[in-house]
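Side chains are part of it too, since the values below use all heavy atoms of this structure and drop only hydrogens, waters and symmetry mates. All figures in this text were calculated on a predicted structure; none of them were measured in a lab.
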Amino acid sequence: MQPTKEPRNGCLRDGGRYRADHRPSAGLVSRWLKFNERRQAQPPADDLLRREVASLRERVATLEQIVTDPAFELKRQFAALETRKAA
């Protein structure tokens, strides 16, 4: 039986079986390897979230120190007195 060309994944039909003219699985494997490399290069989302939460906690701690500082409270009280005098 003569192989006839049929447009099915670039293969030739030969007696009911498909013979590959090229290796489609090699392309699949190389794409999977590239995807896997990219996935491993990126840190997990949990790690990114933990870093962001730690950074935000540091910022909140700094702001709490500023707000609870007695000197800061005195400055607010002086400012409030000045605005009352102006009114």
Practice problem: Could you tell me which residues satisfy side chain to side chain contact (heavy atoms under 4.5 Å, CB included) with Arg76, sequence neighbours excluded, listed by chain and number? | Solution: Phe72, Glu73

Taking distance alone, no hydrogens or angles, what donor-acceptor pairs closer than 3.5 Å link side-chain atoms of residues 59-67 to residues at least two apart or in another chain?
from	atom 1	to	atom 2	distance (Å)
Thr62	OG1	Glu58	O	3.0

Quiz prompt | From NZ (Lys34) to CD (Glu37), nearest 0.5 Å | solution = 9.0 Å

Self-check item: Leu74 vs Gln77 side-chain heavy atoms within contact, under 4.5 Å
Solution: yes

Quiz item: When you check the gap from the basic side-chain N to the acidic O, do Arg51 and Asp47 get nearer than 4.0 Å?
Solution: yes

Quiz prompt | Sequence-distant partners of Leu49, side chain to side chain contact (heavy atoms under 4.5 Å, CB included), two or more places apart | solution = Glu52

